Amino acid sequence: MPVYKAPVEDVMFLLNDVFPIERYNNLPGFADATPDTVEAILAEGAKLCEEVFAPLNLSGDQEGCTRNPDGSVTTPKGFKEAYEAYSTGGWMGLAAPEEYGGQGLPSVLNTIMQEFVSSSNLALGMYPGLTQGAIAALIEHGTEEQKQIYLPKMTEGTWTGTMNLTEPHCGTDLGMLKTKAVPNGDGSYAISGTKIFISAGDHDMAENIVHLVLARIEGAPAGTKGISLFVVPKVLVNEDGSLGERNGVSCGSLEHKMGIHGNATCVMNYDGAKGWLVGQENRGLNAMFVMMNEARLAVGVQGLAQSEVAYQNAVAYAKDRLQGRSLTGAKYPDKPADPIIVHPDVRRTLMSIKAFNEAGRALIVWTGLNSDIAHRSSDDTQRQTAEDYMGLMTPVVKGVLTDLGFDNAVKAQQMFGGHGYIEEWGMSQFVRDARITQIYEGANGIQAMDLVGRKLGKDGGRAVMTFFNEVGAFCQENAGDESLKAYIAPLQQGLGHLQQATMWFMQNAMAKPDNAGAGATDYMHLFGTVVMGYMWAKMAKAAQTRKAEGNGVADKMDAKLLTGRFFMERMMPETATRLARITTGADTTMALPVEAF
Ligand SMILES: Cc1cc2nc3c(=O)[nH]c(=O)nc-3n(C[C@H](O)[C@H](O)[C@H](O)COP(=O)(O)OP(=O)(O)OC[C@H]3O[C@@H](n4cnc5c(N)ncnc54)[C@H](O)[C@@H]3O)c2cc1C
């Protein structure tokens, strides 16, 4: 049975020492989030994930979801009860506004909880995860009436949410979508069409499911400018808030897929289902982007989460599995062989996953805090900077944390040799589950294009310049600190490569857009490496300070500092290769005629 322990201590280091949460207590909801309260909340969340969610991961994978002859969907044994424990524990509304029944706590706590949930059971965690995204979209774009009808039930978890974009002929290119909406004359619309790949589209965990559906109102312009967003409940809601008739939406079939078997991926048939417009007519993509951006960040967290749980299992195995002797002589001469953790190649693998996990966690905490500032600050300048940051980092968090999350799940599986390939160890599941994170919520190639094509140039490059200035200033401030030299010098070099790549795009991609397309994925990863390097430099500084305070944490802080040095020595140098690739342009990539492939 795979193991999982939520990294509460590591999170508390981030929230106490690296990005002290107390600094933000002028923001609504933060005054209640004292370090002690935060630690108690996260310890409770960890318990739920370790004791309730994690034990259902392997069995949920093996059993999967079932579509019954009447079209209803049953989730794997134990999922319903686990979901109930999550919702009655108040986790759904942890950061939701109090006026809709939430607790109004900082959303960064929810982001951290998402990591624990996704490590312990990715498939199960998607049901509440999508609901939280739908809540965010309704808060921002729903009418007051819609908010009153749906939000309290969704916040308490009795109703869940979904997002319905994809159709058989269109995934990335939503401008082609065909689902139509015809006005019923009473303010509602009749929605008809087929959506595919709808996560949590139907299940047995909640009384009602609130579908957010993209559709085209009759006569609307073609392309993305004619798409509107609708709220379509599975069961219609009576005026007094009670549940009424079944709406004309059903799950036509379940997809048989590579991983996340415990999550119902549905073909959803809309047969004149009653729906209500959310936000403005023909501005549906804009409204749906609230949910998509939330989901993209949550998917990045899923990538990190799979890397973390796979790592924990690989470490346990590497300490236990006896094979061969250490290159420097037997370390456990009383045993028939040494545990494989003595071998440098095994260490290299484990260190590279560990160095990623800790930097990735810092990145999601930093991003979570920026999300709180963007949504809660009353200071316009502060809010704008945080919004810029969120725009810039969303594709990086989604694309980089999921690409590396999958790579790391594979690396961790490799530690098991042949046993990693055998299902009962659970490593194969981590690989299979992690794979989807690179695909859904906009495939990673699309994230890279979003970064290069939209985010870099937005507002005259304001966001990227602010980021460069922040990292540059940090390097300058700490350049004279001998104890940080091993972190600052490589970070400065990586930042230089990123700036050169950005400049190269400015000079070479306008006239020749293929140069941007061919270099986008390398740029996204170059960006990710520099951001993670910045996270490591900040963690190293905080660890030095903690160590100097001499409060019995020297060993832990030494481990932090060492892991950070590994990152700087073994991972940061990738920025040079990325830059070299980007600046070769698109010529060889695009030269072959299609027939030559
Ligand atoms: C398990 C699962 C769950 C899902 N859950 C949901 C859900 O809940 N709701 C929902 O609406 N959808 C969901 N999806 C759909 C998912 O978001 C899409 O599959 C994804 O966005 C890609 O769309 P597509 O499959 O049509 O691929 P395509 O759009 O056909 O893309 C194929 C490939 O071409 C590349 N490509 C396409 N266009 C470009 C371009 N312009 N430039 C560069 N490269 C390009 C892509 O990067 C990709 O690698 C889910 C999918 C799966 C498999």
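Computed from a predicted model, the values in this text were never measured in an experiment. For ligands, and for the atoms within them, numbers begin at 1 and follow the listed sequence. Residue numbers count from 1 along this sequence.
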- Sub-4.0 Å heavy-atom approach of M449 to ligand 1: no
So which protein heavy atom does [atom] come closest to, and at what separation?
{"atom": "atom 24 (P) of ligand 1", "answer": "G171 CA, 3.9 Å"}
{"atom": "atom 8 (O) of ligand 1", "answer": "S199 N, 3.0 Å"}
{"atom": "atom 48 (C) of ligand 1", "answer": "A443 CB, 4.1 Å"}
{"atom": "atom 53 (C) of ligand 1", "answer": "I436 CD1, 3.4 Å"}
{"atom": "atom 43 (C) of ligand 1", "answer": "I446 CD1, 3.9 Å"}
{"atom": "atom 19 (O) of ligand 1", "answer": "F197 CD1, 3.9 Å"}

- ligand 1 atoms in contact with E441 (distance to a heavy atom under 4.0 Å): 17 (O)
- Which atom of L174 lies closest to which atom of I227, heavy atoms considered: O-CD1, 3.4 Å
[Y] versus [X], side-chain donor and acceptor atoms under 3.5 Å:
{"X": "N164", "Y": "Y270", "answer": "yes"}
{"X": "K225", "Y": "N282", "answer": "no"}
{"X": "N515", "Y": "N508", "answer": "no"}
{"X": "N357", "Y": "S307", "answer": "yes"}

- ligand 1 to N164 polar contact by distance, N or O atoms, under 3.5 Å: no
- Query: With only distance considered, is Y440 within less than 3.5 Å of ligand 1 through an N or O on each side?
  - Reply: no
- Query: How does K195 reach ligand 1, by side chain, by backbone, by both or by neither, if only non-hydrogen atoms under 4.0 Å count?
  - Reply: neither
- Item | Side-chain (Q132) to main-chain (M92) donor-acceptor, under 3.5 angstrom | yes
- Query: Going through the distances and angles, do E387 and R462 end up as a salt bridge (charged side-chain N to carboxylate O under 4.0 Å, His left out)?
  - Reply: CA-CA 11 Å; E387 279 167 7; R462 190 175 68 204; over 6 Å; no
- Closest heavy-atom approach to atom 27 (O) of ligand 1 among I196, T172, L165, V299 is made by T172
- Query: Angle class for the Y86/W91 ring planes (parallel below 30°, perpendicular above 60°, tilted otherwise)?
  - Reply: tilted
